[in-house]
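Written out below as structure tokens is the structure these notes cover.
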Amino acid sequence: MHELGVVFYIIRDVKAVAAENKVSKVASVTIELGEVSGVIPEYLTDCWEWACKKEPLMVGATLNIETMEAVTFCEDCRQEYPTVKYAKICPHCGSENTYLLRGRDVNIKDITVMESSKEEAESQDYNTEENDHNGLDISAPIE
């Protein structure tokens with residue numbers, strides 16, 4: 001089950017963003033999960049809940065998963081098409097000279113944090129597309 005490793009990478013990157021921004025509590029994390037990433041969303045959620053209990057910064061944080069469509073490119077006709085529907089064979093020209101453009105990724109899209117004040121907690125969003133922690137390469141070996 002590599003979902004636990006993926007969760008550890010996500011939490012590692014969230015902790016780095018939190019440290020850079022002096023955040024003490026994460027409310028939720030939104031990820032983009034590629035259709036052909038090989039990651040099972042239900043397993044990912046189970047691992048997330050378990051791992052967040054172990055990190056004070058993450059306790060109670062929810063995981064939101066947005067599915068990212070897998071798209072393949074045909075080198076012969078230069079067209080893109082949905083990977084899950086047509087697999088490796090281009091529906092436009094019948095070529096097998098194709099490659100996956102996107103859909104295998106796991107990206108951190110958004111981190112919502114809880115900022116404590118004397119009167120009440122306020123929510124604040126950090127869009128991770130503006131920093132170095134928005135991508136997670138799950139093809140890399142888990143250390």
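- The stretch residues 37-55 participates, sequence neighbours left out, in these salt bridge (Lys or Arg N to Asp or Glu O under 4.0 Å) pairs: Lys15-Glu55.
- Under the 4.5 Å side-chain criterion, counting only non-hydrogen atoms from C-beta, Val17 is in contact with Asn21.
- Comment: Lys85 does not engage Glu69 in a salt bridge, judged by the lack of any side-chain N to carboxylate O separation of less than 4.0 angstrom.
- The backbone N or O of Glu96 sits less than 3.5 Å from a side-chain atom of Lys88, completing a donor-acceptor pair.
- Taking every heavy atom of both residues into account, Phe8 and Ala51 meet most closely at CE2-CB, 4.2 Å.
- Between Asn64 and Ile31 there is no side-chain heavy-atom pair separated by less than 4.5 Å.
- When all heavy atoms of Val71 and Leu100 are compared, the pair lying nearest together is O-CD1, 3.6 Å.
- Shown here for Lys25 and Pro56, the closest heavy-atom pair between the two residues is NZ-O, 4.0 Å.
- A pairwise comparison of heavy atoms in Glu3 and Gly38 identifies OE2-O, 3.9 Å as the closest pair.
- Linking Ile, Leu, Val, Met, Phe, Trp and Tyr residues whenever their side-chain heavy atoms come within less than 4.5 Å places Leu57 and Val7 in a single cluster.
- Both Ile65 and Ile108 belong to a common hydrophobic cluster when Ile, Leu, Val, Met, Phe, Trp and Tyr are linked at side-chain heavy-atom distances under 4.5 angstrom.
- A tilted orientation is assigned to the rings of Phe73 and Tyr99, their planes being inclined by 30° to 60°.
- Side-chain contact between Thr98 and Tyr81 is present, with heavy atoms from C-beta onward closer than 4.5 Å.
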Let me see the working for Met114 and Val26 under side chain to side chain contact (heavy atoms under 4.5 Å, CB included), right down to the final yes or no. CA-CA 6 Å; Met114 296 301 292; Val26 173; over 6 Å; no
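- With rounding to the nearest 0.5 angstrom, the CG atom of Asn97 is 10.0 Å from the SG atom of Cys90.
- Between the NE2 atom in His92 and the CD atom in Gln79 there is a gap of 4.5 Å [rounded to 0.5 Å].
- Residues Val106 and Ile10 have side chains in contact (heavy-atom distance under 4.5 Å, counting atoms from C-beta outward).
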Going through the checks in order, is the side chain to side chain contact (heavy atoms under 4.5 Å, CB included) test met by Leu4 and Tyr43? CA-CA 8 Å; Leu4 186 56; Tyr43 292 174; over 6 Å; no
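- Trp48 places no side-chain N or O within donor-acceptor distance of the main-chain N or O of Ile11, the cut-off being under 3.5 Å.
- Cys93 places a side-chain heavy atom less than 4.5 Å from the side chain of Cys74.
- The side-chain hydrogen bond (donor to acceptor under 3.5 Å, both in side chains) test applied to Ser28 returns Thr112, not counting sequence neighbours.
- Residues Val29 and Asp110 have side chains not in contact (no heavy-atom distance under 4.5 Å, counting atoms from C-beta outward).
- Checked by atom type and distance alone, the side chain of Ser37 never pairs as donor or acceptor with a backbone atom of Leu33 at under 3.5 Å.
- Using a 4.5 Å cut-off on side-chain heavy atoms (C-beta onward), Glu80 and Leu101 make contact.
- Each of Val39 and Met68 belongs to its own hydrophobic cluster when Ile, Leu, Val, Met, Phe, Trp and Tyr are linked at side-chain heavy-atom distances under 4.5 angstrom.
- At a threshold of 4.5 Å between non-hydrogen side-chain atoms, the residues Thr67 and Glu35 count as touching.
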